[in-house]
Every structure is written in C-alpha cells, then in structure tokens.
Amino acid sequence: METTSSTAAGHEGAFFDAGLAFGRSFRVGWGPGGTLVHAGKISIPNAPPSAALSEKLLQHHLSHTPITPDDAGVPLAYPSLYPAAPQASTSQPSLNFSSFSSLFPTTDNSAAAQLFRLGSALFDPIDLQLPKAAFPDTTDVTPDVRNRIALLRRKAALSKWLTNTVEPEIQSDLQALASSSTPSTSSTQRPSTSRPDPHTASDEAFIYLTGHQVRKAAEIASDAGYLKLATLISQAGGDAVFRADILSQLKIWEAEKVLPFIEKGIKKVYTLLAGLLEKGEDKDVDVCANLDWKRVFGLCLWYGEPVTASIADVFDSYETLVKNSGDKVARPFPPWYDQSKARGEAESSSVPTWSSPPHPQLCNPEDPLYALIRLHADPALSLSHVLNPTSFGLGASRFDWSMCWHMYIILSRVMRVRDFGDREELHSRARSRPKLANGFLSDDEGEDDGTEGHSPSADLLASSYASQLEAQGMLQEAVFVLLHIEGSPG
Amino acid sequence: MSVSVSPELINPDYPAARREKAIKDLLARSAPKIDEWTTRGLVGSLKIPLSWVNEAKVSWPLPRFCEMTDVDFDRRSMHLIRAISMMLTSYICQQAYMALPTT
C-alpha cells in the first residue's frame, strides 16, 4: 500500500493514538551483531521436557516389566514385584529407585538423578549390617532394636545424599567468599574499619559445616590457628551435654557483653554447634541466612536435632523453623521457581490473566526432593499430595508428567509403600500382595486379602504422560505407558 | 473428525476397558506413523495384538471423513487437525488430573 493512501498520512504527529504514532518506533527488530531489539518481554515457547530422559527411563522400565494379557485378554504391564501377573517370571529383578539411579553416571547432578538417589536413600531396602545369628531362623536382635538400627541407617543414608547434593553449593559459596572480601591472614586480626568485612577461616569453616564437611571445617580452623574452635568443630552434632556447654559459653559472652568483639564467623559456628537455628537478637548470627532449603534442612538434620531423632523429627523441626521465621528461612520451592518474582506479581496483579494458574496446587509448587522427604516423614500422606506435575516440571506452564509417573510406579506399584487416595478397595477376590514395610519385603497374607481397586488419578496420570510422549512423537513409549492403565472389565 | 479423548479416561465410573480403548485411540491418531518397524515394536515388545494395529491403519478417522464428505484435505491441513486433536487430549487430561481432590 502506498504511504500516501494510508489514513495515517499527514497525521504522524497525532499522539492521541500512541500505537499509531510510535508503532514502528518500538517494533521488534534486529540490532547490530544480531541482537534482537525489543521493548517488552520475549515469550519463549514451552520447551518440551527431555525426550531422551523419558526414553531412557521407559526403556529401563520395559526391560524389568513383563507384559501379559489380563483376564479380558487385553495386554497389561505389571511392574516387577506384582506377583498376581499371570505367567510373570519370578526372575524379574526389582524395579526400585536404585536400579533407576544406576542409569545416571555418578557425576550427573541433574534433577532426575538426584530424585532417584534420594528415593533410594529413603525407600529402597536397606542393609542393616546385623551380625548373623547362630541359626538361620533365629535372630539375636529384638524388633525394637532392629527398628532403631533401621531408623539410624535410613537417616545416615539421607545424610550422605544431602552431603553430596549440597557440595557444589558449598564450593560456590567458598568461591564467592574468596572473591567478595579480602581474607584475614591471622586469627588474631580483627576487622578494621578501613577494610570492610574481611573474611577469616571461621567463615570458611562455617560454610563447610553447612554442608556437613566437618573434617574440612576442623582442618581449615586448625590451620588458621583456631585450635580451640577446631576441637569443638570436630565434635559437631554431639550430644546434649556438648550442646549445653556451647550454649553456656554463648550466654557467658552475652552476659559479659563481649559478643560485639568476637568474629562473626566464630559466633556463627558456636551458634550452629549449640543447635540454635532460629535467629536470635544478634543480627550477625543468623545461621540460616542466604542458605537454600536443602542446606537449612541439613542444619536441622546434623545440628538442630539429636543423633537419635528420626527423619520425621527433622522434618518437623524444619517445618517449625520455616513457620517461625516468616519468609526469612528458605522454603522448599522447585529450582525454576522465582520466589521474589512470584510474590511481586501476586501483589501487583489483582486482575487474573489467561495464564493464571488454574489450581491451588500450582500456586504452591514444591521441590520434588522435598516432596519425597515429606512423603517419607508422614506415613499417612498419599501420592495425591505429592505428585504435582508443576513441581516436577520446568516452569509454571511446563508440566512434566514423566517423573510423576515413574515415582508413582515405583512407590505404588512396585514397592507398595504409598498410593493415591482415591484407590478403591475391592474384596471380591482374595489375592495377597507383598509389601515393602520400611524397606523390607513382607507378605501380609492375613491382613491384606482384598484386590486393589481402580484409581482414577493413576489412570489420568498415565494418560497425561502418554499424551506428553505422543506430542513428542514417541508412539511406542506412549503405548507402553497406556499398558499400565488399570481399568479393566470385571 | 472426532477428537479422540475417550470418556473412560475422565469418567472413573465407566466400566469399559479403559486400557484397550486408550491404546486403540492412540493407535488411531498415530496411524500414519505406524510403519513396519513400529508395528514390529508394538506387536513384538509391547504385545499389542496385530489386529489392533491393522484396525487403526484402516480406520484412521480423517481419511474416512474425507472419503465420506468428498473433501480433499491437503497434507498440511491433516497435520494441523491431528495437532489440534493431540493438544486437546493433553489439555483435557491435565485439567482432569488437576481437578481431582487431593484426598
């Protein structure tokens, strides 16, 4: 169209329509060096979840899952520990978290790898390393002692996983500390006003302690001349007497009003060793400040609760800490979730947009790692509260059903430790199923004589995952997932 | 063309064979992609009856619709309709899952 024939010709200065006047000025265009110039935010199309990951997990699942016709002659996929599968091979290896985590190299710190490793620590059968009894059918250990040992072994497994998981963040914090401030060379050197905030070995020791690297923390303290501190650090996570002693030392310092003259790092280490995780009156001593939820949870696990506390106790301790702190302590949001941005948007926008989350679950996404810990800590919790596809996804509008479905299969179908809340119980046909109680295989033949009913949530989860695979062009994988749909005539 | 969202998937009280219907619907939607290699995987590894695969190939809804109405869809239109069908399926499943009570 000719410029002269445009209705805007001769009216370029008419500012009553800014869109007309400045439309071309603020259009999206290409700048020098291939830079995309734009005035607003670029909308990135939803990237599909990793098809390669789904393929790898489903291939592993298929290799451990027999497919046999059910009573109606329709093929049905039975995960391994499902003994009611007709003609199921008894030699099928177990399809547990450990078998899935072995698919990932040890250097792989992806979300899926971490999730399977955590599941292995929390739910897989665990070796109690008990001495063998003199006779095969007898045991020298009473059930109470056995349960106590199982609790401690399980907690040790979680501690090991958490230590490995937060290690990269420890290194990152140490690098940030080294680059942000000048190190103080001597333990006797005090912070001066001319050199703002020099960090000392006690600061580094504290960072190591937040990742449960007690040996490194003690080494770095002793190398820098903090011999008494190193001695105390080596007893980190000690008994109640040790904590009471550290606490009394802090009170003495407070009573003598010498706290302002003590290094910030030393105060934080003492506070941590005393198990005081909540913020006190001294603003310098906030041991949970600038730590993500995993490290705060670790502080509760390693220093806040006694050695004999269970994972459920640690979980309650962390929940209480978060609740009492307001928004000061890190909440377990998924990695993609920008807490400050979400809070700002919630405060600024009162009018719902088309992209508003349609369900309350979407408003409070939770880190899937934390959801798994919560599932272990609360035996009454059903999978309906935990398997939120938003948490497992890559963003608020990027659902990922793959990990949800695999978690459901392992926890519900294979290990039978937890299920959806809407599964019906049928009692028409007696059929005993083995269960994993606290990681141990048990056959509750007398108690569980009912055939499991249908779960709409489970079928919808499978259908959703199959739709995702279909959209990714993975037809055979989608069919395999649909083979797990339980609803069958009769 | 029918959107292939089976009512069984979102209605838990429907007593029909949900699994069979869901797989057959998926095969029907994906019929153009089912080549010999895929057929071998479906029948060999996944134990899907060959009759289901053949049924999907011959009863793909779009060619039948075109045949009945004598409408000549070009290839792009067919892909577009299939994509919309797939998106609708995915969306309805997601909404139904999220709407379930968390009990």
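Computed over heavy atoms, backbone and side chain alike; hydrogens, waters and symmetry mates excluded. The chains referred to below are lettered A, B, ... by the order of the sequence lines, with proteins before strands, and numbering in each begins at 1.
With rounding to the nearest 0.5 angstrom, the CG atom of A:D70 is 9.0 Å from the CD atom of B:E20. Note: B:K33 NZ to A:Q476 CD = 12.0 Å, rounded to the nearest 0.5 Å. Taken from CG in A:L475 to CG in B:L26, the straight-line distance is 5.5 Å, to the nearest 0.5 Å.
Taking 4.5 Å as the limit, every side-chain heavy atom of B:R19 sits out of range of all side-chain heavy atoms of A:L482. Put simply, the side chain of A:L483 reaches to within 4.5 Å of the side chain of B:I48, judged on heavy atoms. A 4.5 Å side-chain heavy-atom check between B:K47 and A:T68 finds every atom pair outside the cut-off.
Each of A:L62, A:V481, A:L76, A:L383 has some count of heavy-atom pairs under 4.5 Å with chain B, and the biggest count is that of A:L76.
Among residue pairs with one or both ends in residues 88-98 of chain B, none qualify as salt bridge (charged side-chain N to carboxylate O under 4.0 Å, His left out); sequence neighbours excluded. Within the structure, every pair that satisfies the salt bridge (charged side-chain N to carboxylate O under 4.0 Å, His left out) test and touches residues 470-481 of chain A, not counting sequence neighbours, is listed here: A:E470-B:R29.
Contacts of A:L381 with chain B are absent, with no heavy-atom separation under 4.5 Å from either backbone or side chain.
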